Enquirer: 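Just dropping this structure here.
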There are 2 protein chains.
Amino acid sequence: MGTTQVEAVPEPKYWHLKTVLSDALDSEFEVGEILPNERELAARFGVARATLRQALEQLELEGRLQRRRGVGTTVAPPRFGVDVGPAEDSWPGAPDDAWQTGDCEDVEPPAPVARLLGDDAGSPVHSVRRTRMTHGQPVATELLYVPHASVPGLPAIEAAGGSARGRAVLRELHRLELEGQERTVELGSARADDARQLDRLPGAPVLVVTTRYLARGTTAAVAVATYRADTCRLTFGDAQPGALMAG
Amino acid sequence: MGTTQVEAVPEPKYWHLKTVLSDALDSEFEVGEILPNERELAARFGVARATLRQALEQLELEGRLQRRRGVGTTVAPPRFGVDVGPAEDSWPGAPDDAWQTGDCEDVEPPAPVARLLGDDAGSPVHSVRRTRMTHGQPVATELLYVPHASVPGLPAIEAAGGSARGRAVLRELHRLELEGQERTVELGSARADDARQLDRLPGAPVLVVTTRYLARGTTAAVAVATYRADTCRLTFGDAQPGALMAG
DNA sequence: AAGTGGTCTAGACCACAGT
DNA sequence: CTGTGGTCTAGACCACTTC
């Protein structure tokens, strides 16, 4: 990374800066290496700190950098692929899945979820919090919404609190025969609670995976999973798991 | 939308501002309606324009707003679902697909694509540009990389230029029996050429869908599709197409 | 306490769309 | 031409981590 000034070009400075930095990352830095601080970098390239930050933001969005307040900016490892959407349909909480079940409470589902669950909007549902770890890092957090009608056997033990109840809900859910599932992926920004779980700041870019589980001709449950967009690449393997894309 | 000042709270101003604006969008604005300009809004909330812009950026990222230089900021319609990953594997360019074939040229594939195509990196491949329209808007642009070995019948007509050659490549590709496909989804930012196709500025957030097509035991083609993250929700329907999530 | 990234300000000028 | 959003500056202070 030289000390060259950014030349006057029609393309925005931060854009040019981004490509310069990107090339430098490829050629002159190792994964995990810490970059000079923002004030230093801005001075070196002869731009205001805000402009430099605009370039860094883009690079972080692309998964090239990781910035942590109070620590510094480091070169991020390549995104790892996290498997989503197995070939065979499966309920959440199958024996082999990568999720860790957390608390469960009764809530009124948010409007978009209520819409997916059917027109009985407003009635409270079980909401199970789950977290997914990969390589020792939290990569996703999920809220699974299960209507009371989907787990009729549950009330007997409903008094159980915390993750015990969450596991009970999943166990009851597995009694149903899964007929299919439907997924959507979209860009979002992390809500405060999700951000805390993912070790990010609120507003961080995330990939929101919404899954609708179908059984007995209706929607038996809806899962809203929030993946860190900076560190994850979602994989949908319709074929045998390929080592090439597993990253 | 009131004229209230943003109160002094521990949470960032732009974050609070975002929620205030978001609520206002729900209750006081219609889809397509044009908001007051940024200087006006900033004054109304008693913040600097940069701070106001930080809130608008988040809302645009979430698909709530649409900003166009020289025009103004409008309330965005809900994201529409675009179908990706059909239940049955299919080659690109199947008779019923939503893509429009464009030019075709010989290029050396970029490094990540070369890696997926196998170790014969560096050899030139056919690269077919395709575009996907929905509701009269461009939602995605794709580059399909096809090794010469996958379409041996082609050389005879290789001289044909433009979209004719693109269609010929697809036609030859269909001769192969598709054994499976593998998809990944990740967040990216639009390169200059993609941005132009998508009617966005360079750096706009996009969802990058990479598909590896498998035939004859190897990778027969790789497609890198770039979807507008602000207007699209990708749908992966493993079940019957549900009207609910189709948007 | 020192150093980092995160937020915020009050300006300025530019590029583009619609007259 | 006017009005819009997009870029950029040179500061200031805050929140957090580390020592």
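Since the structure is predicted, the reported quantities are computational estimates derived from the model, not experimental observations. Quick note on labels: first sequence line is chain A, next is B, and so on, each numbered from 1.
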Enquirer: Whole angstrom is fine here: how far is it from CD in A:Gln66 over to P in C:dG5?
Expert: 13 Å

Enquirer: For B:Arg167, give me all partners under salt bridge (charged side-chain N to carboxylate O under 4.0 Å, His left out), at least two apart in sequence or on another chain.
Expert: none

Enquirer: Side-chain N or O of A:Thr51 versus OP1/OP2 of D:dT7: is the shortest distance under 4.0 Å?
Expert: no

Enquirer: Starting from P on D:dC8, measure out to CG on A:Leu56 and report it in whole angstrom.
Expert: 14 Å

Enquirer: In whole angstrom, what separates A:Leu65's CG from C:dT4's C1'?
Expert: 15 Å

Enquirer: Where along residues 193-202 of chain B does a heavy atom fall under 4.0 Å from DNA chain C?
Expert: none

Enquirer: Can you list the residues that meet the salt bridge (charged side-chain N to carboxylate O under 4.0 Å, His left out) rule with A:Asp199, with sequence neighbours excluded?
Expert: none

Enquirer: Test of understanding: with side chain to side chain donor-acceptor pair (under 3.5 Å), list the residues that count as partners of A:Gln54, not counting sequence neighbours.
Expert: none

Enquirer: So, using side chain to side chain donor-acceptor pair (under 3.5 Å) as the criterion, who are the partners of B:Arg130 when residues are at least two apart?
Expert: B:Asp97, B:Glu142

Enquirer: Please determine, for the side chain of B:Arg67, which listed nucleotide (C:dT9, C:dG5, D:dG6) has the closest atom?
Expert: D:dG6

Enquirer: So, OP1 or OP2 of C:dT4: does either fall under 4.0 Å of a side-chain N or O from A:Thr73?
Expert: no

Enquirer: Atom CD of A:Gln54 and atom C1' of C:dT7: how far apart are they, to the nearest Å?
Expert: 15 Å

Enquirer: What does nucleotides 11-19 of chain D look like as a protein-contact string, B for base, S for sugar-phosphate only, - for none, at under 4.0 angstrom between heavy atoms?
Expert: -BB-BBB--

Enquirer: Show the nearest heavy-atom pair for residues A:Asp103 and A:Ser163, with the distance to one decimal.
Expert: OD1-N, 3.7 Å

Enquirer: Which residues pass the side chain to side chain donor-acceptor pair (under 3.5 Å) test with B:Arg67, not counting sequence neighbours?
Expert: B:Glu38, B:Glu60

Enquirer: Any luck finding a side-chain donor-acceptor pair between A:Tyr14 and A:Arg53 under 3.5 Å?
Expert: no

Enquirer: Is the distance from OP1 or OP2 of D:dT4 to the nearest side-chain N or O of B:Asn37 less than 4.0 Å?
Expert: yes

Enquirer: Quickly work out the A:Leu41 CG to C:dG5 P distance and round it to whole Å.
Expert: 8 Å

Enquirer: Could I get the full list of side chain to side chain contact (heavy atoms under 4.5 Å, CB included) partners for A:Thr134, not counting sequence neighbours?
Expert: A:Phe80, A:Val82, A:Val139

Enquirer: Side chain of A:Glu38: nearest nucleotide among C:dG5, C:dT9, C:dT7?
Expert: C:dG5

Enquirer: Send over the distance from A:Arg53 CZ to C:dC8 C1', rounded to a whole Å.
Expert: 11 Å

Enquirer: Under 4.0 Å from OP1 or OP2 of D:dT7: is there any side-chain N or O of A:Tyr14 that close?
Expert: yes

Enquirer: Could you list the residues that satisfy side chain to side chain donor-acceptor pair (under 3.5 Å) with A:Glu40, not counting sequence neighbours?
Expert: A:Arg44

Enquirer: Please give, in whole Å, the distance from C:dT7 C1' to B:Phe45 CZ?
Expert: 18 Å

